[in-house]
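In what follows, a single structure is set out as structure tokens and then discussed.
Hydrogens, waters and symmetry mates play no part in the numbers below; they use all other heavy atoms, side chains included. Just so it is clear, the model here is predicted, and its values are computed rather than measured. Each residue takes its place number in the sequence, starting with 1.
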Amino acid sequence: MAVEQPQAQTAPAPVRAGEQTRIHNIGYRNYDGPRLGRAYARRSLYSQSLRGAYGLGRSVKSKVLPMLLFVVMCVPALIMVAVAVATKAKDLPVDYTRYAIIMQAVIGLYVASQGPQSVSRDLRFKTVPLYFSRPIETGDYVRAKYAALASALFMLTAAPLLVLYVGALLAKLDFTDQTKGFAQGLVSVALLSLLFAGIGLVISAVTPRRGFGIAAVIAVLTISYGAVSTVQAIAYDQSSTDAIAWLGLFSPITLIDGVQTAFLGASSAFPGGEGPSGAQGVVYLLVVLGLVAGCYGLLMRRYRKVGL
């Protein structure tokens, strides 16, 4: 009986690399439309960052906190206006320059929540080098982010002042006094917005983790104010009134308080109500401007390294 022998399997012939290569025309074409350039890209980044600071264009969850803080900032102003109109008061219960000082905790919370949101995600997902590929450069990115957060802060702090101003006019208070106070308040919150935005962005740009950035911003703004206020109170109790003004240089909110007391005729929140003198006010203003410029410089250095 014959036995069938298994046939030997022949190995497949090797396929040459050239036989696997194919060139397909999939229709890519060069872009022939208008080149909008750096200015358009910078404006787009600014507008999108400003919208994002209030959760616009994002999920509903992202809108809750910024909108809630905006409402919290405006509600006390509405109550003050209602009381002034109902009681026919001769003046508002709070000066325009004092409102932001009173609400500094809400402002600090807003900076802590939106500063990291503005820059931390770009760092975490490593998208910053894509911005710098073209046409945006490092300075464009930093200026757009800085301007967007400062604008968002100005809207947050100026809106209640506008409510107070309109309410004062409805209550038929003196137009000249109210307009002057409103203008002084706008100058104060503009300076505050620049300072707080710079501090918030510098701290947030250090870490890509948003939670760490939030905690760090709250710590810097809140702890510094609490520490300075406590030491000022101790100095006042010890009759060391000369030291009170100089101690105000070590907290962002007391810096703004000192500047508006020295140059805008505001009443000081320092213990005893004695703010810095004119010469000390110059030092306060130079420190504020130096911090703003320093924050911008630190952001430029940070993003030059990130963009490499």
Heavy atoms, side chains only, cut-off 4.5 Å: are [X] and [Y] in contact?
X: Glu274; Y: Asp242; value: no
X: Met103; Y: Arg98; value: no
X: Gln178; Y: Asp91; value: yes
X: Ser268; Y: Asp257; value: yes
X: Leu255; Y: Phe250; value: no
X: Leu170; Y: Val81; value: no
X: Met155; Y: Leu50; value: yes
X: Asp95; Y: Thr97; value: yes

Give a yes or no on whether the backbone of [Y] and the side-chain of [X] come within a donor-acceptor separation of less than 3.5 Å.
X: Arg304; Y: Thr138; result: no
X: Gln260; Y: Ala266; result: no
X: Ser118; Y: Gly115; result: no
X: Ser120; Y: Arg210; result: no
X: Asp174; Y: Asp177; result: yes
X: Gln114; Y: Val111; result: no
X: Tyr146; Y: Leu194; result: yes

Out of curiosity, [X] [atom1] to [Y] [atom2], how far, rounded to the nearest 0.5 Å?
X: Thr230; Y: Leu247; atom1: OG1; atom2: CG; answer: 11.0 Å
X: Ile253; Y: Leu221; atom1: CD1; atom2: CG; answer: 8.5 Å
X: Gln104; Y: Tyr225; atom1: CD; atom2: OH; answer: 5.0 Å
X: Gln238; Y: Ile234; atom1: CD; atom2: CD1; answer: 8.0 Å
X: Ile218; Y: Ile214; atom1: CD1; atom2: CD1; answer: 7.0 Å
X: Lys90; Y: Lys172; atom1: NZ; atom2: NZ; answer: 15.5 Å

Under 6.0 Å from the [atom1] atom of [X], do we count more than 12 heavy atoms belonging to anything else shown?
X: Phe263; atom1: CZ; result: yes
X: Phe212; atom1: CZ; result: no
X: Arg209; atom1: CZ; result: no
X: Asp237; atom1: CG; result: yes
X: Lys63; atom1: NZ; result: yes
X: Arg301; atom1: CZ; result: no

TODO: List, by chain and then residue number, the residues other than Leu264 in its hydrophobic cluster (Ile/Leu/Val/Met/Phe/Trp/Tyr, side-chain heavy atoms under 4.5 Å); write none if there are no others.
DONE: Val187
TODO: Apply side-chain contact (heavy atoms from CB on, under 4.5 Å) to the pair Thr157 and Leu192, showing each step before the final yes or no.
DONE: CA-CA 9 Å; Thr157 52; Leu192 181 147; 4.3 Å; yes
Considering all heavy atoms of both residues, which atom of [X] and which atom of [Y] are nearest to each other, and what is their separation?
X: Ser188; Y: Ile256; result: OG-CG2, 3.8 Å
X: Val217; Y: Gly200; result: CG2-O, 4.1 Å
X: Leu186; Y: Phe154; result: O-CE1, 3.8 Å
X: Ile136; Y: Ala41; result: CG1-CB, 3.6 Å
X: Ala235; Y: Ile244; result: CB-CG1, 4.1 Å
X: Ala205; Y: Leu123; result: O-CD1, 3.4 Å

Side-chain heavy atoms nearer than 4.5 Å, only ILVMFWY residues, links allowed to pass through others: does that put [X] and [Y] together?
X: Val228; Y: Ile223; result: no
X: Met73; Y: Val94; result: yes
X: Val166; Y: Phe175; result: yes
X: Val259; Y: Val282; result: yes
X: Phe196; Y: Ile102; result: yes

Open item on the list: Less than 3.5 Å apart, any donor N or O on the side chain of Asp122 or Tyr141 sitting next to an acceptor on the other?
Closed with: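 Short answer, yes.
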Open item on the list: Is a donor from one side chain sitting under 3.5 angstrom from an acceptor on the other, for Thr179 and Tyr165?
Closed with: yes
Task: Inter- and intrachain pairs under side-chain hydrogen bond (donor to acceptor under 3.5 Å, both in side chains), touching residues 43-55, at least two apart - done: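 Residue pairs passing side-chain hydrogen bond (donor to acceptor under 3.5 Å, both in side chains), neighbours aside: Tyr46-Ser151, Ser49-Lys145.
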- [ ] Take Tyr99 and Met80 through the side-chain contact (heavy atoms from CB on, under 4.5 Å) test and state the conclusion after the steps.
- [x] CA-CA 11 Å; Tyr99 194 86; Met80 293 176 190; 4.1 Å; yes
Open item on the list: Set out, in order, the CA-CA distance, both residues' side-chain angles and the distance that settles side-chain contact (heavy atoms from CB on, under 4.5 Å) for Ser267 and Thr261, then state yes or no.
Closed with: CA-CA 6 Å; Ser267 58; Thr261 301; over 6 Å; no
Open item on the list: Would you call the rings of Tyr96 and Phe182 parallel, tilted or perpendicular, taking 30° and 60° as the class edges?
Closed with: perpendicular
Task: Full working for side-chain contact (heavy atoms from CB on, under 4.5 Å) between Asp140 and Leu45 - done: CA-CA 9 Å; Asp140 300 322; Leu45 182 59; over 6 Å; no
